[in-house]
Novice: 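The structure is given below, and queries will be raised subsequently.
Throughout, protein chains are lettered first and strands after them, A, B, ... in sequence-line order, and every chain is numbered starting at 1. These figures come from a predicted structure and were not determined experimentally.
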Protein chains: 2
Amino acid sequence: MTAPRSSTAQKSGSARPVPRSRIQKRNRQIILEAALEVFSTHGFRGATLDQIATEAGLSKPNLLYYFEGKEDIHRELLTQLLDTWLAPLRLLDPEGEPRTEIMEYMRRKLQMSRDYPRESRLFANEILQGAPRIEGFIRNDLRGQVDDTADMLQRWVDQGRIAPVDPYHLIFSIWALTQHYADFAAQIALIRGAGHEPHDGAEAFLEHLYSRLLAP
Amino acid sequence: MTAPRSSTAQKSGSARPVPRSRIQKRNRQIILEAALEVFSTHGFRGATLDQIATEAGLSKPNLLYYFEGKEDIHRELLTQLLDTWLAPLRLLDPEGEPRTEIMEYMRRKLQMSRDYPRESRLFANEILQGAPRIEGFIRNDLRGQVDDTADMLQRWVDQGRIAPVDPYHLIFSIWALTQHYADFAAQIALIRGAGHEPHDGAEAFLEHLYSRLLAP
DNA sequence: ATCAATTTTGACCATCCAGTCAAGAAGCTT
DNA sequence: AAGCTTCTTGACTGGATGGTCAAAATTGAT
């Protein structure tokens, strides 16, 4: 009858209804999966609820039984994404061997772009539009993490353990080079033809590139 | 009265009305400029004719006096863009000094991303959506150019004039690294703060990177 | 099996948006 | 300044789209 707004120890402000039944969990998941597919290729405004509903195999009103609206689905998707987006950065170990650590970070990002290309495109879409919905996240969460990482990289540079490079640009380069294979997959596929998969050879190339760049 | 379909020596098939009067030239330009602004940040479906009209300071019917429709404006914009997009690749000189040539290409691409960030984002948007409207261009024009360039790079590798790298990934890396500063400018701006401009330090970093990567 | 709670949906709105049209305003030519 | 052409726009239309609602179907506890 009413939409499923649970109340299990809810914070006052913005309510996040916790799915309870098995059906709720399952259908919310199905919807998010479908929405990811649609949003990541058409962007927020380009996507329609009907498209998402069809993709999910549900009716449009049914979608709106589980989510408060298009915006809500999108927000949920982004929130989940941003969590995993920051994770690799946190795994950088200040005590580790610098080049190994950076190489590992690059590999993790490349793997993410291979395993979750739609998430990468969802993110790219958002940034392209000027990051209206995740400005807060970038300014408050990501920025701090990046600053910390940059400090660490600078320390490694100062200690002569990696070649002297601008730490911010180093980080940006890893983002650019890894995400490119997901975000521009369509272009790469058209250029390389059907035989190849976009990521083919990328890891070897990037390993070569960063090992050359970072050698003291 | 009627829309301006000129007929000055027109090819039969898809008509491209050549603007004649000064007013036509001026207003088409104003519209394209406004459309670039809007399409590049909101994508094709996210943009509205009203937005473009407002941005251009014209009425919506007036827009449609100069162009056949939303699609037509967008197509014109992309066509103009793709011409300039290919240009830098053609400037690579097989007879030149390999590292200088590649470095020059990188610099030209970086400059384009600095001087024409909206064009870069328009292109990125298009690829993200799966390149529906420029598939032909990529398959027929870009691909050939890239293949030729890759052959040239491979020859340079074989002659030992640059370090052995996969030529396709080398090209992709230049695209990724240069366009990133335009396409992800919003993210970079939020991370680096108001003091910096996204491209600050990029050229030095990329020069360092490619000179390390390509040294035989 | 019964009955209340949960889930699903057909039918419906209201709004947005691309595109039309006919009439009016501004330019150009003589 | 007349008269033709080019340019501009207010008012409109039809279709798409986000969202609502009340009734029907299903599920689950007893």
Novice: Does a nitrogen or oxygen in the side chain of A:N27 sit under 4.0 Å from OP1 or OP2 of C:dT8?
Specialist: yes
Novice: Show me the protein contacts with nucleotides 9-11 of chain C, counting only N or O atoms at under 3.5 Å.
Specialist:
unit_1	atom_1	unit_2	atom_2	d
C:dT9	OP2	A:S59	OG	3.2

Novice: CD of A:E71 versus C1' of D:dT17: gap in Å, rounded?
Specialist: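 A:E71 atom CD is separated from D:dT17 atom C1' by 15 Å.
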Novice: Within the distance-only criterion (no hydrogens, no angle test), does the side chain of B:R107 pair as donor or acceptor with the backbone N or O of B:E203 below 3.5 angstrom?
Specialist: no
Novice: Once you measure the plane-to-plane angle for A:Y181 and B:F172, does it fall in the parallel (<30°), tilted (30-60°) or perpendicular (>60°) bin?
Specialist: perpendicular
Novice: Determine whether a donor-acceptor pair (N or O, by modelled atom type, separation under 3.5 Å) exists between the side chain of B:D183 and the backbone of B:H180.
Specialist: no
Novice: What is the distance from CD1 of A:I73 to C1' of D:dG19, rounded to the nearest Å?
Specialist: 12 Å
Novice: How close or far is atom C1' of C:dT20 from atom NZ of B:K70, stated in whole angstroms?
Specialist: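 In whole Å, C:dT20 C1' and B:K70 NZ are 17 Å from each other.
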Novice: Can you see if the side chain of B:Q24 gets near the phosphate of D:dT6 - specifically, an N or O under 4.0 Å from OP1 or OP2?
Specialist: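 B:Q24 to D:dT6 OP1/OP2: no side-chain N or O under 4.0 Å.
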Novice: List the atom of B:Q129, the atom of B:N125, and the distance in Å for their closest heavy-atom pair.
Specialist: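 That would be CG-O, 2.8 Å.
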Novice: How would nucleotides 25-30 of chain C be written as a contact map, 5' to 3', with B for base contact, S for sugar-phosphate-only contact and - for no contact, using protein heavy atoms under 4.0 Å?
Specialist: ------
Novice: A cation-pi test, strictly: NZ or CZ of B:R133 under 6.0 Å from the centre of the six-membered ring of B:F44 and no more than 45 degrees from its axis. Yes or no?
Specialist: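 The answer is yes; both the distance and angle limits are met.
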Novice: With a 4.0 Å heavy-atom cut-off, tell me which residues in residues 41-50 of chain A come close to DNA chain D, sorted by residue number.
Specialist: A:A47, A:T48, A:L49
Novice: Rounded to the nearest angstrom, tell me the gap between atom CG in A:L64 and atom C1' in D:dT17.
Specialist: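 It works out to 11 Å between those atoms.
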Novice: Return the value, rounded to whole Å, for the distance between atom OH of A:Y66 and atom P of D:dG18.
Specialist: 20 Å
Novice: Counting the benzene-type ring for Trp, do B:W85 and B:F123 have ring centres under 6.0 Å apart?
Specialist: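 Yes, the ring centres sit under 6.0 Å apart.
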Novice: Roughly how many Å is it from CD in A:Q51 to P in D:dA16, rounded to a whole number?
Specialist: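 In whole Å, D:dA16 P lies 13 Å from A:Q51 CD.
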